[in-house]
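First up is the structure itself, then whatever we jot down about it.
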Amino acid sequence: MTRVDFYVLPDVDVDAKYRFACRLALRAIHTGQQVHVRTASAEAAGMLDDLMWSYPEDRFVPHVVAEGADAAGAPDADAPIRIGHAEPAPGPDQVLVNLADDVPAFFARFERVAEVITEPERAAGRARYRHYRERGYPLFHHDLDDWEAR
C-alpha cells in the first residue's frame, strides 16, 4: 500500500516549496529510486525545471520535463526525476512528489507519495490528509523548521 508523507514547511512562499522538492527528489534518487514531481501547471513545471538547474547549489539534479504517455519516447526519458502536471506515463512508479493542491487520481500507482505543504496551504493540506486517511493509507507527518540548514 502506498505510504504518504506530509512535509510541512514553516515557509510562506512557493519558492521554498520547490527548493524542498528539489532536495527531496535528489535524496530519493541517491537511494536508487525514480521520482515523478507533479506540479499544478505547465508553467509551474517550467519553474521547477529552471530551479533544478541551479539548486541545490553545486549539485546536478538529473531531470526531464515530461507530460503523459507522449513523454515515454522523449529524450532523457530515463532520467531519474521527471517533472509534469499531467498523469505520467507508466513506469517505475516509486516516488511521487505532489506540489499541486489536490490529490492526484493516479497516486496509488506509486510506492510512496510526498505531499509538500507550506504555511498558507495548511487547510488544503489537511483536506488531502483526510482524503488519504479515510482510505486507509499509512500517513506520516514531518514538521520541518530549519530544513535548508541541513
Side-chain angles (χ1 to χ4, degrees), residues 1-52 55-56 59 61-69 71-72 77-150:
M1 178 172 267
T2 302
R3 171 190 167 126
V4 183
D5 288 271
F6 280 80
Y7 295 92
V8 182
L9 311 177
D11 305 88
V12 296
D13 63 341
V14 72
D15 290 341
K17 182 177 186 170
Y18 287 4
R19 288 192 313 271
F20 182 77
C22 287
R23 286 178 178 244
L24 190 60
L26 188 61
R27 202 167 171 200
I29 67 169
H30 282 282
T31 63
Q33 297 179 309
Q34 295 284 316
V35 179
H36 178 76
V37 183
R38 178 181 180 249
T39 61
S41 66
E43 179 184 359
M47 290 171 44
L48 185 60
D49 173 42
D50 290 345
L51 182 61
M52 283 195 175
Y55 185 87
R59 293 191 187 165
V61 183
H63 68 283
V64 63
V65 176
E67 291 301 340
D78 58 349
I81 300 171
R82 302 180 72 159
I83 302 168
H85 70 280
E87 181 173 350
D93 299 328
Q94 294 174 320
V95 179
L96 170 64
V97 178
N98 187 29
L99 301 180
D101 59 359
D102 63 341
V103 175
F106 55 86
F107 80 89
R109 287 179 17 198
F110 289 82
E111 296 170 17
R112 182 172 173 212
V113 173
E115 292 277 357
V116 183
I117 312 294
T118 57
E119 190 59 38
E121 302 170 317
R122 280 188 176 259
R126 285 186 185 109
R128 292 198 303 277
Y129 189 94
R130 196 169 23 260
H131 176 90
Y132 294 118
R133 185 187 65 210
E134 288 170 355
R135 287 154 183 80
Y137 288 92
L139 303 172
F140 299 87
H141 181 93
H142 311 276
D143 280 318
L144 304 175
D145 290 328
D146 197 20
W147 63 270
E148 275 193 293
R150 298 176 190 185

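The residues of the chain are indexed from 1 along the displayed sequence.
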What do the steps show when you test Tyr129 against Ile117 for side-chain contact (heavy atoms from CB on, under 4.5 Å), and what is the final call? CA-CA 11 Å; Tyr129 189 94; Ile117 312 294; over 6 Å; no

Would you check if Cys22 and Val37 make a side-chain contact, meaning some heavy-atom pair closer than 4.5 Å? no

Going through the distances and angles, do Phe20 and Leu144 end up as a side-chain contact (heavy atoms from CB on, under 4.5 Å)? CA-CA 10 Å; Phe20 182 77; Leu144 304 175; 3.3 Å; yes

Kindly compute the distance separating [atom1] ([X]) from [atom2] ([Y]), expressed to the nearest 0.5 Å.
{"X": "His30", "Y": "Leu26", "atom1": "NE2", "atom2": "CG", "value": "3.5 Å"}
{"X": "Ile83", "Y": "Tyr18", "atom1": "CD1", "atom2": "OH", "value": "10.0 Å"}
{"X": "Glu121", "Y": "Lys17", "atom1": "CD", "atom2": "NZ", "value": "3.5 Å"}
{"X": "Thr2", "Y": "Arg135", "atom1": "OG1", "atom2": "CZ", "value": "13.0 Å"}
{"X": "Thr39", "Y": "Leu48", "atom1": "OG1", "atom2": "CG", "value": "7.0 Å"}
{"X": "Arg122", "Y": "Leu9", "atom1": "CZ", "atom2": "CG", "value": "9.5 Å"}

Nearest atoms (heavy-atom pairs only) where Asp11 meets Pro120: O-CD, 3.7 Å

Mind checking side-chain hydrogen bond (donor to acceptor under 3.5 Å, both in side chains) for [X] and listing every partner two or more places apart, or none if nothing turns up?
{"X": "Arg3", "answer": "Asp5"}
{"X": "Ser41", "answer": "none"}
{"X": "Arg133", "answer": "none"}

In sequence, state the C-alpha distance, the side-chain angles, and the governing distance for His131 and Phe107, and then conclude on side-chain contact (heavy atoms from CB on, under 4.5 Å). CA-CA 12 Å; His131 176 90; Phe107 80 89; 4.2 Å; yes

Which residues satisfy the ring-ring contact (aromatic ring centres under 6.0 Å, His included) test with Phe106, sequence neighbours excluded? none

By ring-ring contact (aromatic ring centres under 6.0 Å, His included), which residues pair with His142, not counting sequence neighbours? Tyr7

Could you list the donor-acceptor pairs under 3.5 angstrom formed between side-chain atoms of residues 88-104 and any protein atom two or more places apart in sequence or on another chain?
unit_1: Asp93; atom_1: OD1; unit_2: Arg109; atom_2: NH2; d: 3.2
unit_1: Asp93; atom_1: OD2; unit_2: Arg109; atom_2: NE; d: 3.0
unit_1: Asp93; atom_1: OD2; unit_2: Arg109; atom_2: NH2; d: 3.4
unit_1: Gln94; atom_1: OE1; unit_2: Gln34; atom_2: N; d: 2.5
unit_1: Asn98; atom_1: OD1; unit_2: Arg38; atom_2: NH1; d: 3.0
unit_1: Asn98; atom_1: OD1; unit_2: Ala100; atom_2: N; d: 3.2
unit_1: Asn98; atom_1: ND2; unit_2: Asp102; atom_2: O; d: 2.8
unit_1: Asn98; atom_1: ND2; unit_2: Glu115; atom_2: OE1; d: 3.2
unit_1: Asn98; atom_1: ND2; unit_2: Glu115; atom_2: OE2; d: 3.1
unit_1: Asp102; atom_1: OD1; unit_2: Arg38; atom_2: NH1; d: 2.8
unit_1: Asp102; atom_1: OD1; unit_2: Arg38; atom_2: NH2; d: 3.0
unit_1: Asp102; atom_1: OD2; unit_2: Arg38; atom_2: NH2; d: 3.4

